[in-house]
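Below is one structure, written out as structure tokens; comments come after it.
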Amino acid sequence: TVLNGRAVDLAIAAALALGCTVHETSVFARKNYFYPDLPKGYQISQYERPLATGGHVDIQAEGATNAIRLTRIHMEEDAGKSVHEGFPDSDKRTYVDFNRAGVPLIEIVSEPDLRTPTDAAHFFESVRRLLVWIGANDGNMEEGSLRCDANVSVRPRGATTLGTKVEVKNLNSFRYLQKALEYEIARQSDCVADGERIVQETRLFDSALGRTFSMRSKEEAHDYRYFPEPDLPPVLVPEARRARVAATMPELPDARRARFVSVYRLPDYAAGVL
């Protein structure tokens, strides 16, 4: 196993663009679980010592700017893809496509700051725009270059403790994300109103039916039995490497928009269009 250096540089660029703290040392771990799309029984990921932490994404909501905090950015390898349709016997069998297994990716984890499906779609769109802008992603969501796993929880009005979270996995469009969250919030709200217990699980969104359905129970972190990846040394990102990556990055959209307004005296709308 050899780490792709270019992937690390793109991960650093994404972290810098999102205002994260890039750590000088990060460590890979093995995340152990059994699923058909993971043939070796573990996924190389990062857990206790990720590449970057902190940062935020600004979204526009009801005329105001909201800063959605980020928890972390970590690197990991992609798994395969379960294929549930497109074959003559898809009603009886699930196929597995291993073409993307082992491909490096970054996972961007946010804090529970999003309150509406619309805000979540705006957040996803903002992240995509920024990643495409800096060249870290081609933005092709249909082909799986960018995917979103959305965690949803509801709580009674006035309660301060977050409810049990349910993950809706592999959403690949802004509209599907919004529709999936709208359905899931309504489903969980009905369950709570009826006195039922929300089960922590992973669900998939059926875009044709406009509903989510259960995929599997969701593990806790300790269930993955993380331990340090023995075949990969720690990732070292000294200041010189951070500076080199930063020097290759384009001017970020918000900074460019602000410069157009201040230097060229353009109205905000025109600066945004440009």
Side-chain angles (χ1 to χ4, degrees), residues 1-32 40 42-59 67-79 99-111 113 123-141 143-149 221 224 226-259:
T1 303
V2 178
L3 181 60
N4 185 321
R6 174 61 177 158
V8 176
D9 285 346
L10 290 174
I12 295 169
L16 293 174
L18 291 165
C20 305
T21 298
V22 179
H23 299 294
E24 185 169 333
T25 303
S26 57
V27 177
F28 282 103
R30 288 191 179 181
K31 179 180 181 181
N32 298 273
K40 60 183 187 290
Y42 66 86
Q43 178 187 34
I44 298 173
S45 184
Q46 292 183 319
Y47 179 52
E48 291 181 335
R49 300 184 66 180
L51 178 77
T53 53
H56 69 277
V57 174
D58 290 332
I59 65 169
I68 307 303
R69 296 170 297 161
L70 301 181
T71 309
R72 57 191 277 146
I73 293 180
H74 63 260
M75 297 190 69
E76 63 183 26
E77 63 173 337
D78 210 342
N99 278 305
R100 71 187 191 194
V103 173
L105 57 81
I106 59 170
E107 182 166 298
I108 301 169
V109 184
S110 73
E111 291 286 315
D113 290 344
F123 172 80
F124 191 20
E125 189 172 6
S126 297
V127 170
R128 177 188 178 275
R129 184 185 304 117
L130 191 58
L131 295 178
V132 172
W133 183 275
I134 65 174
N137 191 280
D138 65 12
N140 192 325
M141 294 188 287
E143 294 181 0
S145 299
L146 184 70
R147 307 189 296 276
C148 174
D149 299 338
Y224 291 121
Y226 286 96
F227 64 85
E229 167 56 58
D231 294 335
L232 288 174
V235 181
L236 303 180
V237 185
E239 177 56 38
R241 186 174 190 178
R242 283 197 295 270
R244 174 173 59 79
V245 172
T248 64
M249 293 172 59
E251 183 181 30
L252 297 180
D254 288 345
R256 180 169 293 185
R257 186 183 300 114
R259 180 168 61 83

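No experiment lies behind these values; they were computed from the predicted model shown.
Note that CG of Asn32 is 9.0 Å distant from OH of Tyr42, once rounded to the nearest 0.5 Å. Distance CG/Leu105 to CG/Asn137: 10.5 Å, rounded to 0.5 Å. The line from CZ of Arg128 to CG of Asn140 is 8.5 Å long, rounded to the nearest 0.5 Å. Interatomic distance, Leu236 CG to Glu24 CD, rounded to the nearest 0.5 Å: 7.0 Å. One distance of note links OG of Ser110 with NE2 of His56; it measures 13.5 Å at 0.5 Å rounding. Separating the CD1 atom in Ile73 from the CD1 atom in Ile108 is a distance of 4.5 Å, to the nearest 0.5 Å.
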Inset, instruction - Could you walk me through whether Glu76 and Glu107 pass the side-chain contact (heavy atoms from CB on, under 4.5 Å) test, one step at a time? - result: CA-CA 7 Å; Glu76 63 183 26; Glu107 182 166 298; 3.4 Å; yes

Inset, instruction - Could you walk me through whether Lys40 and Glu77 pass the salt bridge (charged side-chain N to carboxylate O under 4.0 Å, His left out) test, one step at a time? - result: CA-CA 12 Å; Lys40 60 183 187 290; Glu77 63 173 337; 2.6 Å; yes

Legend entry - Arg49 vs Thr25, side-chain contact (heavy atoms from CB on, under 4.5 Å): CA-CA, chis, key distance, verdict: CA-CA 8 Å; Arg49 300 184 66 180; Thr25 303; 3.6 Å; yes

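Between Met75 and Val8 there is a side-chain heavy-atom pair separated by less than 4.5 Å. In this structure, Phe28 and Pro228 have side chains that are not in contact, with every pair of non-hydrogen atoms separated by 4.5 Å or more. Side chains of Ile12 and Arg241 form a contact here, defined as non-hydrogen atoms less than 4.5 Å apart. Looking at heavy atoms from C-beta onward, Leu131 lies out of side-chain contact with Arg129 at the 4.5 angstrom threshold. Side chains of His74 and Tyr47 form no contact here, defined as non-hydrogen atoms less than 4.5 Å apart.
When all heavy atoms of Arg242 and Val237 are compared, the pair lying nearest together is NH1-O, 3.0 Å. For the residue pair Ile106 and Ala11, the shortest heavy atom distance occurs at CG2-CB, 3.4 Å. The minimum heavy-atom distance between Ile44 and Glu229, with the atom names listed, is CG1-OE1, 3.4 Å. Closest heavy-atom contact between Pro50 and Arg72: CB-NH2, 3.5 Å. The minimum heavy-atom distance linking Ala17 with Leu130 is given by the pair O-CD2, 3.6 Å. Summarising the geometry of Leu70 relative to Gly54, their closest heavy-atom pair is CB-O, 3.3 Å, with the distance given to 0.1 Å.
For the side-chain hydrogen bond (donor to acceptor under 3.5 Å, both in side chains) test, residues two or more places apart in sequence or in another chain that qualify with Ser26 are Gln46. Listed by chain and number, the residues in a ring-ring contact (aromatic ring centres under 6.0 Å, His included) with Phe124 are Phe174 (sequence neighbours excluded).
Without hydrogens or angle criteria, Glu111 side chain to Arg69 main chain gives no donor-acceptor distance under 3.5 Å. Side-chain N or O atoms of Gln43 include none that pairs as donor or acceptor with a backbone N or O of Arg30 at under 3.5 Å. One N or O on the side chain of Arg147 and one on the backbone of Gly144 form a donor-acceptor pair closer than 3.5 Å.
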Donor-acceptor list for residues 245-254 side chains, cut-off 3.5 Å, not counting sequence neighbours:
residue : atom : partner : partner atom : Å
Thr248  : OG1  : Val245  : O            : 2.7
Glu251  : OE1  : Arg256  : NE           : 3.2
Glu251  : OE1  : Arg259  : NE           : 3.3
Glu251  : OE1  : Arg259  : NH2          : 2.8
Glu251  : OE2  : Arg259  : NE           : 2.9
Asp254  : OD1  : Arg257  : NH1          : 2.8

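In summary, the side chains of Ser145 and Asp138 do present a donor paired with an acceptor at a separation below 3.5 Å, with no hydrogens or angles considered.
Around atom CD of Glu239, more than 12 heavy atoms belonging to other residues, nucleotides or ligands sit under 6.0 Å away.
Both tests hold for Lys31 against Tyr224: distance to the six-membered ring centre under 6.0 Å, angle to the ring axis within 45°.
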